[in-house]
Participant: 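One structure, as structure tokens, below. Some questions next.
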Number of protein chains: 2
Amino acid sequence: MLETTNERAGMPAVSATQGRPSGSAGTQRRKAGRPAAAVLDKAGITAAALELINRKGYDGLTMAALAKELDVAPSALYNHVASKQDVLLLVEDHLMSLVDVSGFGSGAWEDAVRTWAWSYRDVFAAHTPLIPVIAVLPVTDAPQTLAMYETVSKGFADAGFPQEHIIPAVVALESFIFGSAYDVTAPEDIFESGSMAESTPYFTAAVRSSASRQDAPAGQERGRPADTAFHRGLEALIAGFGAIRK
Amino acid sequence: MLETTNERAGMPAVSATQGRPSGSAGTQRRKAGRPAAAVLDKAGITAAALELINRKGYDGLTMAALAKELDVAPSALYNHVASKQDVLLLVEDHLMSLVDVSGFGSGAWEDAVRTWAWSYRDVFAAHTPLIPVIAVLPVTDAPQTLAMYETVSKGFADAGFPQEHIIPAVVALESFIFGSAYDVTAPEDIFESGSMAESTPYFTAAVRSSASRQDAPAGQERGRPADTAFHRGLEALIAGFGAIRK
DNA sequence: TCTAATAAATGAATGCCGTTCATTTAGTGG
DNA sequence: CCACTAAATGAACGGCATTCATTTATTAGA
């Protein structure tokens, strides 16, 4: 329930991580009691969490590890966030700012959606543990997320979408994107049926013939199987929704 | 690494939970050492896990709670499963048998896909914590899952799909289904922008106009916003993929 | 300017969780 | 018949998020 002074999370967050960088070994023990200058803030916590995630993955993101990264006692974190879920929320909102919405407003609607969807998928394919968080997160608490929705909504409206069709279309696209992000992380041999292969002839045959490499990644379609599925599904959705426009 | 005798998981699993039902209070202490008749098996563990999930949710599914449900010490579970992840896997595969694939083989391909997709989504909307498990699960370890893929693959093949297009299409549909399952669980007011409403006019307007209740759920489309988005996306995918057929 | 309230840190403690291990007992194969 | 293995108990472990009492510094108000 405590709130820091630099609370407005939409701001550029001037002083990200202060003076002494996190990792340095020779830092001497800090005494108990409030320090002269605050050590922690939300921007610093977010940056440290991302650093930790990139280095050790989501299993490595513990409150203890995060505290160590920031050279702080674990309990100190709770002066700035209410829970670990709160930390994930900060990270999630930061990642949303990495999603490319630049296509909206410049070129064709189809191209804008393609750019947006591919970058959205790529960002969260590297952060699938956040997907359950996003899917349930009220946008009020996530300014970057809200900003993305605003740009996308405007893009759809300008492209001639009837207002009441915009949200369902965006939600459907997002659902496809989140599911596809998981797909990227799946092991290559996930569909190998092994010993039961002869009892599943149709499936086995389908898997085998889809695995034949298409070496020419024409246009947006990239190399891996997950990319092919994403490409096809995305084009189907774009075609289907594109027809709705006034 | 340990394996029980009744290992072939595809079998009907005759003796689900044995004699003494789980919850009864007056059960006297069981002595240490191997009991005359085995208390646990995979089918029983699966059933107890599902019961627990239905009653307490996924937060309530702990190895300790599962053990108590089965009137057993927690460590006993590890004679039958290697880890909690293993339990989730058993549950996941069981749920797959609840997905309705009956449409494939009888009527039109489009209708079969609709029936399959809606039931698939509904099953996993109630079990979203399993989605990260599924997305990465090798089908070898999941006979029910494999059976579902076989039926669906055959359905696509019979409908005239070129073999190499089947898996990408199914994967794309599944991705959409998983993402949409999350969407079902989202709070109704997730898009309420609250205090920042005036800084996001397009988004706010779109949310407002999509929220106007459509009281007539024509055909497959059901009432809630998540259903509308799922309906539209699914129809777009069906239309897009349907065009591929020979 | 003094002072009470508040903010921000430490460090100890809590309870739960998944999992492991030594031990005990009961069937099973050679 | 006997060694081996399977299946249970119960104690223990380390790691986790979180809470609380305490200390110190800053800030607001009389």
Side-chain angles (χ1 to χ4, degrees), chain A residues 1-7 15 18-20 22 27-45 48-49 52 56-89 129 133, chain B residues 1-7 15 18-20 22 27-45 48-49 52 56-89 129 133:
Chain A
M1 293 293 176
L2 297 175
E3 295 294 352
T4 49
T5 44
N6 48 359
E7 181 56 14
S15 65
Q18 18 300 68
R20 194 171 287 279
S22 48
T27 45
Q28 59 221 14
R29 268 262 146 288
R30 190 186 297 108
K31 298 296 175 188
R34 180 180 187 170
V39 179
L40 297 177
D41 59 31
K42 289 194 178 182
I45 291 172
L52 203 49
K56 313 257 183 141
Y58 276 86
D59 284 351
L61 179 65
T62 67
M63 295 302 271
L66 185 54
K68 176 172 281 187
E69 180 82 15
L70 290 158
D71 192 31
V72 140
S75 54
L77 295 168
Y78 291 86
N79 288 324
H80 302 267
V81 295
S83 62
K84 183 180 178 178
Q85 176 80 5
D86 224 1
V87 175
L88 293 179
L89 224 131
V133 177
Chain B
M1 293 293 177
L2 297 178
E3 294 295 350
T4 50
T5 46
N6 50 0
E7 181 56 16
S15 65
Q18 343 345 43
R20 195 171 286 280
S22 50
T27 46
Q28 59 220 12
R29 264 266 147 284
R30 190 187 296 109
K31 298 295 175 189
R34 182 181 186 172
V39 180
L40 296 177
D41 59 30
K42 289 193 178 181
I45 291 172
L52 202 51
K56 314 258 181 136
Y58 276 86
D59 284 351
L61 179 64
T62 67
M63 295 302 271
L66 185 54
K68 176 172 279 186
E69 179 83 13
L70 290 159
D71 192 30
V72 138
S75 54
L77 294 168
Y78 290 86
N79 289 323
H80 302 266
V81 296
S83 62
K84 182 180 181 178
Q85 175 81 4
D86 225 1
V87 175
L88 293 179
L89 225 132
V133 177

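Quick note on labels: first sequence line is chain A, next is B, and so on, each numbered from 1.
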Participant: Does any non-hydrogen side-chain atom of A/M63 lie less than 4.5 Å from one of A/V81?
Facilitator: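 Yes; the side chains approach each other to less than 4.5 Å.
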Participant: Atom NZ of B/K68 to atom C1' of D/dT9: distance rounded to whole Å?
Facilitator: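 Atom NZ in B/K68 sits about 16 Å away from atom C1' in D/dT9.
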Participant: Measure CD1/A/I45 against P/C/dA8 and give the value in whole Å, please.
Facilitator: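 Going from A/I45 (CD1) to C/dA8 (P), I get 11 Å.
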Participant: Tell me, with the steps shown, if A/V72 and A/L40 meet side chain to side chain contact (heavy atoms under 4.5 Å, CB included).
Facilitator: CA-CA 9 Å; A/V72 140; A/L40 297 177; 4.0 Å; yes
Participant: May I have the distance from A/K56 (atom NZ) to D/dG15 (atom P), rounded to whole angstrom?
Facilitator: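 Distance, rounded to whole Å: 13 Å.
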Participant: Could you tell me if the side chain of A/L70 sits less than 4.5 Å from the side chain of A/L77, heavy atoms only?
Facilitator: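 Of all side-chain heavy-atom pairs linking A/L70 with A/L77, at least one is under 4.5 Å.
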Participant: Spell out, as yes or no, whether a donor-acceptor pair under 3.5 Å connects the side chain of B/R30 to the backbone of B/A73.
Facilitator: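 Not at all, since once roles are kept as given, no pair shorter than 3.5 Å links the two residues.
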Participant: Whole-Å distance between D/dT26 C1' and A/R34 CZ?
Facilitator: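 Rounding to the nearest Å, CZ of A/R34 and C1' of D/dT26 are 4 Å apart.
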Participant: Taking the minimum atom-to-atom distance to the side chain of B/H80, which one of D/dT9, D/dA7, C/dA8 wins?
Facilitator: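 Looking only at heavy atoms from C-beta outward on B/H80, the closest nucleotide is D/dA7.
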Participant: What is the distance from CG of B/N79 to P of D/dT9, rounded to the nearest Å?
Facilitator: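 Taking CG of B/N79 and P of D/dT9, I get 9 Å after rounding.
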Participant: How far does CD of A/E69 sit from OG1 of A/T62, to the nearest 0.5 angstrom?
Facilitator: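 These two atoms lie 10.5 Å from each other.
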Participant: Any protein N or O atoms within reach of nucleotides 18-20 of chain C? Criterion: under 3.5 Å, listing atom names and distances.
Facilitator:
unit_1, atom_1, unit_2, atom_2, d
C/dG18, OP1, B/K84, NZ, 2.9
C/dG18, OP2, B/M63, N, 2.9
C/dT19, OP2, B/Y78, OH, 2.8
C/dT19, OP2, B/K84, N, 2.8
C/dT19, O5', B/Y78, OH, 3.4

Participant: In whole Å, what is the span from the OH atom of B/Y58 to the P atom of C/dC16?
Facilitator: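 To the nearest whole Å, that distance equals 23 Å.
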Participant: Check the distance between D/dT19's C1' and A/L77's CG and give it to me in whole angstrom.
Facilitator: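 Interatomic distance, CG of A/L77 to C1' of D/dT19: 14 Å.
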Participant: First locate atom NZ of A/K84, then atom CG of A/L66, and finally report the distance between them rounded to the nearest 0.5 Å.
Facilitator: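 Separation between the atoms: 9.0 Å.
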Participant: Please give, in whole Å, the distance from D/dA25 C1' to A/R30 CZ?
Facilitator: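 That distance rounds to 14 Å.
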